[in-house]
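Worksheet: one structure, shown below.
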Protein chains: 2
Amino acid sequence: MRYPKLFEHIAALAPLPASEWLKAEALAREQSLDKRALFLRPGDSADRFGLVLQGVFRAVRVSARGEESIKAFRAEGEFIGAYAEMLQGQPSMTAIEALEPGRVLAFQAQDLQSLEAGHPSWAQLARRVAERHYLLKERREQEFLDLSAEERLERFWQEHPHLHGRVPQRDVAAYLGITEVALSRIVSRRRKRAE
Amino acid sequence: MRYPKLFEHIAALAPLPASEWLKAEALAREQSLDKRALFLRPGDSADRFGLVLQGVFRAVRVSARGEESIKAFRAEGEFIGAYAEMLQGQPSMTAIEALEPGRVLAFQAQDLQSLEAGHPSWAQLARRVAERHYLLKERREQEFLDLSAEERLERFWQEHPHLHGRVPQRDVAAYLGITEVALSRIVSRRRKRAE
DNA sequence: AGGCCGCCTTAACCTGGGTTAAGCCCAGGT
DNA sequence: ACCTGGGCTTAACCCAGGTTAAGGCGGCCT
């Protein structure tokens with residue numbers, strides 16, 4: 001087994017025999033990405049996804065107006081890919097970009113499907129992944145509905161302390177749905193209040 | 001089969017033998033709700049869910065500050081329940097309320113689990129449901145990130161034309177994340193522009 | 001019929017965040 | 001050592017949406 005830590009991480013989501021994991025490893029390929037390199041670019045077919053071995057990634061959607069908004073940050077052990085588009089068989093409308101030099105274990109969606117045909121635990125895992133993704137988005141929905149930008153910022157750092165110092169301020173802003181300028185204002189307001 | 005239309009609706013999500021559906025019907029019970037009645041109230045265990053036979057329902061979260069925000073509207077054929085809390089085994093933080101007199105086919109989550117043990121198509125269905133819920137929330141996330149309140153309103157009516165006249169303005173506002181007053185302003189602005 | 005209540009609108013004023021633009025600081029490249 | 005550029009801050013001004021408060025208009029109940 002080449003990636004025991006990743007296996008543990010995955011098996012914690014849904015029980016998975018090591019033998020199945022080994023089959024998956026055989027289908028995957030490791031990929032290194034420079035800082036700023038794209039794991040997935042908009043327009044690509046969304047049939048690839050990856051598990052982060054090293055580094056932090058951002059999932060970016062470029063809107064019709066040309067503005068970037070950030071759907072998620074993903075670090076070690078986490079899933080990267082255009083999940084929504086994959087489910088719908090559409091080309092990716094999302095870019096996945098490395099914020100630091102990183103390494104990813106990359107899979108083809110169809111390989112997963114063949115694993116699924118061979119053992120039921122993969123379907124179970126896929127279900128857990130869907131449920132988990134749902135819970136993340138549902139939490140975010142609630143934050144947009146109930147919280148001010150300042151409160152969302154506070155939550156963000158509570159929930160993602162491991163991203164500290166690894167993601168640029170402007171990207172945090174694009175994640176919160178505000179501008180860099182507004183974020184800077186909020187930060188300095190908080191700083192003053194804290195004195 | 002007592003609910004053929006519902007069966008069709010469900011089977012369109014994931015193939016389901018009629019025999020399995022009949023087992024589900026046997027476990028379910030039909031429930032009528034007056035206007036304003038709650039199918040689920042905050043604090044209830046989240047182990048019940050329903051399929052709407054008749055009527056429109058709203059899923060409401062009451063925030064810490066006491067403000068209502070609306071997570072979803074659900075009409076005929078759709079799922080109602082505190083899905084997130086159900087997945088996490090938590091008590092419901094959501095109220096599900098009938099906006100009109102309605103009827104629901106109500107299930108216990110644990111009954112579904114026993115069906116799942118008996119036939120694999122239930123697991124498949126559960127996965128599809130999770131994926132579908134995810135896609136809904138992901139679209140909403142995108143709307144909050146990229147669109148103004150006015151644009152969100154426009155989308156709302158595009159995507160939910162069947163709710164026309166069935167949901168009060170103030171609830172639409174609470175769904176969009178704005179106040180009743182702001183919504184009224186937007187509507188009249190649009191009215192004037194249309195002349 | 002009368003009264004009330006729920007729902008919507010309008011208006012006046014306030015505030016958070018957007019926009020534009022200038023400037024700062026630091027890291028990297030030559 | 002210098003320049004450059006990327007990332008962050010600050011300031012001035014603007015606008016969408018929040019807040020509060022007052023009315024309007026049905027529909028429903030007795």
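Here is the naming used below: chain letters follow the sequence lines, and residue numbers restart at 1 for every chain.
Here dT30(C) sits opposite dA1(D) as a Watson-Crick or G-U wobble pair (both hydrogen-bonding atom distances under 3.5 Å).
Look at Gln169(A) and you'll find a side-chain N or O under 4.0 angstrom from OP1 or OP2 of dT9(D). Distances shorter than 4.0 Å separate some side-chain N or O of Ser188(B) from OP1 or OP2 on dT10(C). At dG18(D), one or more side-chain N or O atoms of Thr179(B) fall inside 4.0 Å of OP1 or OP2 (strictly under the cut-off).
In this structure, Ile178(A) atom CD1 and dA16(D) atom P are separated by 19 Å, rounded to whole Å. One atom, CZ of Arg36(A), and another, P of dG5(D), lie 16 Å apart when rounded to the nearest Å. For Glu180(A) and dA11(D), the CD to P distance is 16 Å, given to the nearest whole Å. In this structure, the CG atom of Asp171(A) is 8 Å from the P atom of dC8(D), given to the nearest Å. If you take NZ of Lys192(A) and C1' of dA11(D), they are 11 Å apart, rounded to a whole angstrom. Between the CD atom of Glu100(B) and the C1' atom of dG27(D) there is a distance of 17 Å, rounded to whole Å. In this structure, Glu150(B) places its CD atom 17 Å from C1' of dG18(C), rounding to the nearest Å. Distance, Ile186(B) CD1 to dT9(C) P: 12 Å, rounded to whole Å.
Heavy atoms of Val187(A) sit nowhere under 4.0 angstrom from any nucleic acid atom.
On a pure distance criterion of 3.5 Å, no polar donor-acceptor pair joins the side chain of Arg170(A) and the base of dG6(D). In the interface, the side chain of Arg185(B) is paired with the base of dG18(D) through a donor and an acceptor atom under 3.5 Å apart.
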TODO: Go through the steps for Glu131(A) and Tyr134(B) under the test side-chain hydrogen bond (donor to acceptor under 3.5 Å, both in side chains), then give the verdict.
DONE: CA-CA 8 Å; Glu131(A) 291 172 350; Tyr134(B) 169 77; over 6 Å; no
Open item on the list: Using salt bridge (Lys or Arg N to Asp or Glu O under 4.0 Å), reason through Glu143(A) and Arg152(A) one step at a time and then give a plain yes or no.
Closed with: CA-CA 6 Å; Glu143(A) 291 172 0; Arg152(A) 294 206 298 282; over 6 Å; no
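The 5' end of DNA chain C is approached more closely, in terms of each residue's nearest nucleotide, by Arg191(B) than by the other of Arg191(B) and Val181(A).
Note on ring orientation: taking the six-membered ring where Trp is involved, the planes of Trp157(B) and His164(B) are tilted (angle from 30° to 60°).
For the pair Glu85(A) (side chain) and Met93(A) (backbone), a donor-acceptor distance under 3.5 Å is present. Arg103(B) places no side-chain N or O within donor-acceptor distance of the main-chain N or O of Gln54(B), the cut-off being under 3.5 Å.
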